K.L.:
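Quick one: the structure is below, questions incoming.
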Amino acid sequence: MSFSSKVKEELSRQFSMARHCQIAEIAAIISLCGRIQISEYDRFCIKIHTENAAVARKYFTLLQKAFNINTDISIRQGMGVRRSRVYTVGIRRHTDALRVLRAAKLIDRNGEIEENLSLAQNVVIQQNCCRRAFIRGAFLAAGSISDPEKFYHFEIACATEAKAVQLQGLIHSFGLDARIVQRKKYFVAYIKEGSQIVDILNVMEATVSLMELENIRILKEMRGSVNRQVNCETANIHKTVSAAVRQMEDITLIRDRIGFDVLPENLSEIARLRLARPEATLKELGEALDPPVGKSGVNHRLRKLSSLAEKLRSGGPATEA
């Protein structure tokens, strides 16, 4: 089971005790994956279609809890490449459909369906707990979350830009930075940052999935920290080795061209020590001198030897730099 399916399975088993929160969740599911049909006799019928059995089960149970409504459930084989099962939950009785639409504020006082099932300024989502329920329902209906082992991505696909903007506003009300992008015929409200995805799981009250994601994030951050440290140490070792190789080449050139006896005592001493200990660090070379010399002092002497070697390579006078 994918991580996204696990989250939806967890959310499908969580029910708010308050009826107003149940209605908010129902409103989200209808808004994002529902259809409202009106017959020639102005009779309403509501249907939702989903490929996720957990979503169908949650919607069915919510309707029973909030309205004590019996619904029709059908299952058919999809026609796409995956041939997934499609679950349809329908409210066929006009009076029942009207009760749900009125409670969810998806129909105006004149019995007209609000275009795009608009939820702007809707009393259904004015309370903080109802906003949580609505986002939970929206994710169940049209959301997905990537495998956090690979990358972080949370999204909810909306059929219209207006719905995406309204959903973005609800998410912003919890201090989270949701953005919108158009993907083919959908407008997608999404979150990319791992810590904010943890927060949105907390908003939806998916505590088990939240803990699983947090554990994965901690392990990934630890691995990343270790990798950065190893890379840094490797780079430092490479730099040290490269510098030591250049120093050995310079000192060998000086030895073969003019010898060490013509050098000042401090340069002759460090040159002989570097040849004897090619793997030593600057600190170790300084500690081996008598009297000991600091890293900066050792580096200064080696740079003078390097400058002398460059003069010898360019045909300059064979004297100490």
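All values reported here derive from a predicted model rather than from experimental measurement.
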K.L.:
Output yes when a side-chain donor or acceptor of S146 lies under 3.5 Å from a complementary backbone atom of F151, and no otherwise.
P.N.:
yes
K.L.:
Counting only heavy atoms not in Q229 (residues, nucleotides, ligands), do more than 12 fall under 6.0 Å from its CD?
P.N.:
no
K.L.:
If you count every heavy atom of other residues, nucleotides or ligands that lies below 6.0 Å from E265 atom CD, does the total exceed 12?
P.N.:
no
K.L.:
When you measure from the side chain of Q168 to the backbone of A178, do you find a donor-acceptor pair of N or O atoms at a distance under 3.5 Å?
P.N.:
yes
K.L.:
Would you say that R301 contacts L289 through its side chain, given a criterion of any heavy-atom pair below 4.5 Å between the two side chains?
P.N.:
yes
K.L.:
So if you build clusters from Ile, Leu, Val, Met, Phe, Trp, Tyr with side-chain heavy-atom gaps below 4.5 Å, do V208 and I135 land together?
P.N.:
no
K.L.:
Rounded to the nearest 0.5 Å, what's the gap from CG on L201 to CD1 on I145? Could you check?
P.N.:
4.5 Å
K.L.:
Of all residues at least two apart in sequence or in a different chain, which pass the side-chain hydrogen bond (donor to acceptor under 3.5 Å, both in side chains) check with Q64?
P.N.:
none
K.L.:
Filter on side chain to side chain donor-acceptor pair (under 3.5 Å), then keep only pairs touching residues 251-264, sequence neighbours left out; what's left?
P.N.:
D261-R272
K.L.:
Which atom pair, heavy atoms only, marks the closest approach of A24 to F134?
P.N.:
O-CD1, 3.4 Å
K.L.:
Could you tell me whether R57 atom CZ has more than 12 heavy atoms of other residues or ligands within 6.0 Å of it?
P.N.:
yes
K.L.:
Quick one: ring pair (Phe, Tyr, Trp, His ring centres under 6.0 Å) pairs with a partner in residues 30-51, sequence neighbours left out?
P.N.:
F44-H94
K.L.:
Quick one: does Y152's side chain get under 4.5 Å of L213's, heavy atoms only?
P.N.:
yes
K.L.:
Check whether any side-chain heavy atom of L308 sits under 4.5 Å from a side-chain heavy atom of L267, and report yes or no.
P.N.:
no
K.L.:
Take atom NZ of K220 as the centre, draw a 6.0 Å sphere, and report whether it contains more than 12 heavy atoms from other residues, nucleotides or ligands.
P.N.:
yes
K.L.:
Output yes when a side-chain donor or acceptor of E10 lies under 3.5 Å from a complementary backbone atom of S209, and no otherwise.
P.N.:
yes
K.L.:
Any ion pair linking E221 and R217 (charged N to carboxylate O, less than 4.0 Å)?
P.N.:
yes
K.L.:
Any ring pair (Phe, Tyr, Trp, His ring centres under 6.0 Å) involving residues 153-183? Give me the pairs, sequence neighbours left out, ordered by first then second residue.
P.N.:
F139-F154, H153-Y190
K.L.:
Please list every donor-acceptor pair under 3.5 Å in which a side-chain atom of residues 13-21 meets a protein atom from a residue at least two apart or in another chain.
P.N.:
unit_1 : atom_1 : unit_2 : atom_2 : d
R13    : NE     : E9     : OE2    : 2.9
R13    : NH2    : E9     : OE2    : 2.6
Q14    : NE2    : E205   : OE1    : 2.9
S16    : OG     : R136   : NH2    : 2.9
R19    : NE     : A66    : O      : 2.7
R19    : NH2    : A66    : O      : 3.2

K.L.:
Measure the spacing between CD1 of I91 and CD1 of I26 and express it to the nearest 0.5 Å.
P.N.:
7.5 Å
K.L.:
Rounded to the nearest 0.5 Å, how far apart are OG of S12 and CG of L62?
P.N.:
10.0 Å
K.L.:
Could you give all pairs that pass the salt bridge (Lys or Arg N to Asp or Glu O under 4.0 Å) test and reach residues 182-198, with sequence neighbours left out?
P.N.:
E155-R183
K.L.:
Is it the case that the side chain of S307 and the backbone of R303 share a donor-acceptor pair, with hydrogens and angles ignored and the cut-off at 3.5 Å?
P.N.:
no
K.L.:
Taking C-beta and beyond as the side chain, do S74 and R76 meet within less than 4.5 Å on heavy atoms?
P.N.:
no
K.L.:
Is it true that a side-chain atom of K8 and a backbone atom of A54 form a donor plus acceptor pair closer than 3.5 Å?
P.N.:
no
K.L.:
List the residues meeting side-chain hydrogen bond (donor to acceptor under 3.5 Å, both in side chains) with R99, not counting sequence neighbours, and say none if there are none.
P.N.:
none
K.L.:
Report, one line per pair, each donor and acceptor closer than 3.5 Å where one atom sits in a side chain of residues 241-251; sequence neighbours left out.
P.N.:
unit_1 : atom_1 : unit_2 : atom_2 : d
S242   : OG     : H238   : O      : 2.8
Q247   : OE1    : R274   : NE     : 3.0
Q247   : OE1    : R274   : NH2    : 3.0
D250   : OD1    : R313   : NH1    : 3.1
D250   : OD1    : R313   : NH2    : 2.7
D250   : OD2    : S306   : OG     : 3.2

K.L.:
Does the side chain of N231 come under 3.5 Å of the side chain of R228 through a donor N or O and an acceptor N or O?
P.N.:
no
K.L.:
For E287, give me all partners under side-chain hydrogen bond (donor to acceptor under 3.5 Å, both in side chains), at least two apart in sequence or on another chain.
P.N.:
none
K.L.:
Considering residues at least two apart in sequence or located in another chain, which fulfil the side-chain hydrogen bond (donor to acceptor under 3.5 Å, both in side chains) criterion with K65?
P.N.:
none
K.L.:
Between the side chain of R132 and the main-chain N/O of N202, is any donor-acceptor distance below 3.5 Å?
P.N.:
yes
K.L.:
Report the residues that fulfil salt bridge (Lys or Arg N to Asp or Glu O under 4.0 Å) with D177, sequence neighbours left out, ordered by chain and then residue number.
P.N.:
R179
K.L.:
Are the side chains of I107 and I36 in touch, meaning some heavy atoms are under 4.5 Å apart?
P.N.:
no
K.L.:
In the hydrophobic clustering that connects Ile, Leu, Val, Met, Phe, Trp and Tyr at side-chain heavy-atom distances below 4.5 Å, which members other than M1 occupy its cluster, ordered by chain and number?
P.N.:
none
